[in-house]
Amino acid sequence: MLSALMSAARTPELRRKVLWTLGLLGLFRLGAKLPSPGVDFAAVRSCVELKTGGESGGIYQLVNLLSGGSMLELSVFAVGIMPYITASIITQLLTVVIPRFEDLRREGQSGQATITQYTRYLAMALAVLQASTLVALAARGQLLSGCPEDIFVESSLFAMVTTVLVMTAGAALVMWFGELITERGIGNGMSLLILAAIAAQLPGQGRSILESRGGMVFTGVCLAIAAMIVGVVFIEQGQRRIPVQYAKRVVGRKMYGGSSTYLPLKVNQAGVIPVIFASSLLFLPNLLVQITQGNSGAVQEFVQTYLANPNHPVHLTGYFVLIVFFSYFYVAITVNPEERAAEMKKFGGFIPGYRPGKPTADHVSYILNRITLPGSCYLGAVVVLPNLVLDFGAAGSASALAFGGTSALIMVSVALDTVKQLESQVLTRNYEGFLR
């Protein structure tokens, strides 16, 4: 990795791409600290420092983590990247359900451009909805519950609408930053924005753990996170390689094929998507109860105790089960063994010992189901075990999330993908071949 970075620094084109990426990430973090109009930023900061927001209910922990802490501060980028992530997941699911999206996916680059445009429109609609919900909860005192100060300078309808429009424009700007990084920079732009948001949370919450639990606990947490990162790297790099043989065929006067390769199936084929799905579904009851019943009531107390508390056994068990379920669900709708078998058959490929067509598809499906079980259990363990084994209750549940398996999983996955892309570009520009 260090050699790839050194080679990139010596290559003018790659150096410009790296600087472009770092510059956009810097602008993203600047917007995350820029207060929205009509918001008393000093009052918001005092409420956040008193830890009165985000930890009683817990429903916004993941969203606040992915926004770099800007959501609870009601900044310009308070909505962050979550609308685009949600829209991307929805359009990907619709590709399997709606034939129109399936036809667009098969059209290649032009169809993918159309799907991307639909994703942008849907992301803007979700950004308006999320910004409106955020401002409404903040105005009612349910976002920063227990805050003794009024966080809005003016509570008129015009001021609220202005704040919503500014947050929606901030979400559009964040989406544009991500696309610019993907097009002109290094790595996947949306993933790097999430990485920057999570990394920005770590110093402050690490200090919170150090001040509340002491140096011994903080050292143990750092060692546990280091061991978790090693395990995540090991599993994320794991593959089940199915051997594929291509028969020889003559095209004109040339002979093609006759080579052996493999079909790689990752152990964690679903990535971090099941974690996002499970978190959203598990925190949805708390959001609905807060909107309909406020901060009181028997249902609210039940949801707060059993579903919103990240250290409660019911929450942990439900979280683990939902992650396993969504892992199988996401793999089933994104990986089609029939298509893989049809592609191999089209180009004269086959798996040794299995006939092309349905027997090949059944074999791939069997292996995929076998490796999805350990992959889903690995995801659940990485996310649940930090809250189960390392009790961060005195440091706050938000700190537990930032120093937990979700952040480690996202950061390691994004870092590995970015380094691979950087190494491939360095190799393309500095390929020496067999002769030196």
Side-chain angles (χ1 to χ4, degrees), residues 21 24 27-28 31 62-63 66-67 71 76-135 161 164-185 187-197 269-281 283-284 287 326-327 329-336 338-340 342-343 410 413-414 417 421:
T21 302
L24 290 177
L27 290 177
F28 170 67
L62 183 62
V63 180
L66 298 182
S67 66
M71 190 199 70
V76 175
F77 290 168
V79 178
I81 199 65
M82 281 303 293
Y84 187 83
I85 295 176
T86 307
S88 301
I89 295 173
I90 291 175
T91 52
Q92 193 170 10
L93 296 178
L94 292 178
T95 304
V96 184
V97 179
I98 300 179
R100 166 63 177 167
F101 282 86
E102 179 68 19
D103 295 338
L104 288 175
R105 187 179 66 84
R106 292 177 179 176
E107 288 180 5
Q109 187 174 0
S110 61
Q112 186 61 42
T114 305
I115 293 178
T116 302
Q117 195 66 22
Y118 290 159
T119 304
R120 293 169 183 164
Y121 294 149
L122 181 58
M124 287 298 94
L126 293 175
V128 173
L129 178 62
Q130 185 172 337
S132 302
T133 305
L134 196 62
V135 172
V161 172
V164 170
L165 291 178
V166 169
M167 290 183 179
T168 304
L173 192 59
V174 170
M175 181 176 62
W176 185 53
F177 283 170
E179 293 182 352
L180 282 180
I181 293 175
T182 304
E183 181 181 355
R184 301 183 182 181
N188 184 279
M190 304 301 173
S191 301
L192 286 175
L193 291 178
I194 296 175
L195 174 64
Q269 192 74 29
V272 75
I273 299 300
V275 178
I276 298 176
F277 275 11
S279 301
S280 303
L281 187 61
F283 293 148
L284 184 60
L287 176 61
F326 281 119
S327 296
F329 175 76
Y330 189 76
V331 170
I333 65 175
T334 55
V335 182
N336 192 340
E338 286 77 11
E339 288 187 1
R340 301 288 180 92
E343 290 175 359
I410 295 175
S413 301
V414 174
D417 181 67
Q421 292 193 29

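- Listed by chain and residue number, nothing satisfies the side chain to side chain contact (heavy atoms under 4.5 Å, CB included) test with Asp103 (two or more places apart in sequence, or in another chain).
- Within the structure, salt bridge (Lys or Arg N to Asp or Glu O under 4.0 Å) contacts touching residues 166-179 (residues at least two apart or in different chains) are Arg120-Glu179.
- For Gln269, the side chain to side chain contact (heavy atoms under 4.5 Å, CB included) partners are Leu265, Lys266, Val331, Val335, not counting sequence neighbours.
- A distance of 13.0 Å separates CG of Leu122 from CD1 of Ile115, quoted to the nearest 0.5 Å.
- Looking only at side-chain heavy atoms (C-beta outward), Leu193 and Ile181 come within less than 4.5 Å of each other.
- Here the shortest heavy-atom pairing between Ala171 and Ala127 reads CB-CB, 3.8 Å.
- Applying the side-chain hydrogen bond (donor to acceptor under 3.5 Å, both in side chains) test to pairs two or more places apart or on separate chains, those with a residue in residues 187-197 are Asn188-Ser191.
- Within the 4.5 Å cutoff, side-chain heavy atoms of Leu24 are placed close to those of Leu27.
- To the nearest 0.5 Å, the span separating OG1 on Thr168 from CG on Leu173 amounts to 12.5 Å.
- Heavy-atom minimum distance, Ala78 versus Leu134: CB-CD2, 3.9 Å.
- Listed here is the closest heavy atom pair of Gly185 and Thr21: CA-OG1, 3.3 Å.
- The shortest distance between side-chain heavy atoms of Thr334 and Gln92 falls below 4.5 Å.
- Interatomic distance, Thr133 OG1 to Leu129 CG, rounded to the nearest 0.5 Å: 4.5 Å.
- Taking the side chain as every heavy atom from C-beta outward, Ile273 and Ile89 approach each other to under 4.5 Å.
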List the steps, then state whether side chain to side chain contact (heavy atoms under 4.5 Å, CB included) holds for Val414 with Leu192.
CA-CA 7 Å; Val414 174; Leu192 286 175; 3.9 Å; yes
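- Applying the side chain to side chain contact (heavy atoms under 4.5 Å, CB included) rule to Glu107 yields the partners Leu104, Ser110; only residues at least two apart in sequence or on another chain are considered.
- Residues passing the side chain to side chain contact (heavy atoms under 4.5 Å, CB included) test with Glu338 are Asn336, Ala361, sequence neighbours excluded.
- Residues passing the salt bridge (charged side-chain N to carboxylate O under 4.0 Å, His left out) test with Arg105, sequence neighbours excluded: Glu102, Glu339.
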Applying side chain to side chain contact (heavy atoms under 4.5 Å, CB included), run through Val161 and Val135 and close with a yes or a no.
CA-CA 9 Å; Val161 172; Val135 172; over 6 Å; no
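- Contact detail for Ser132 and Val128: the closest heavy-atom pair is OG-O, 2.7 Å.
- A ring pair (Phe, Tyr, Trp, His ring centres under 6.0 Å) check over residues 164-185, counting only residues at least two apart or in different chains, returns nothing.
- Taking all atoms of both residues into account, the shortest heavy-atom contact from Met167 to Ala131 is CB-CB, 3.9 Å.
- Within the structure, the salt bridge (Lys or Arg N to Asp or Glu O under 4.0 Å) test picks out no pair touching residues 87-100 (sequence neighbours left out).
- When every heavy atom of Phe326 is checked against every heavy atom of Ala278, the shortest pair comes out as CD1-N, 3.9 Å.
- Side-chain atoms of Val166 and Val76, non-hydrogen and from C-beta on, do get closer than 4.5 Å to each other.
- Atom CD1 of residue Ile81 and atom CE of residue Met175 lie 8.0 Å apart, to the nearest 0.5 angstrom.
- Under the salt bridge (charged side-chain N to carboxylate O under 4.0 Å, His left out) criterion, Glu343 pairs with no residue, sequence neighbours left out.
- By the ring pair (Phe, Tyr, Trp, His ring centres under 6.0 Å) test, Tyr118 pairs with Phe101, sequence neighbours left out.
- For residues 80-91, the side-chain hydrogen bond (donor to acceptor under 3.5 Å, both in side chains) pairs, not counting sequence neighbours, are Thr91-Thr119.
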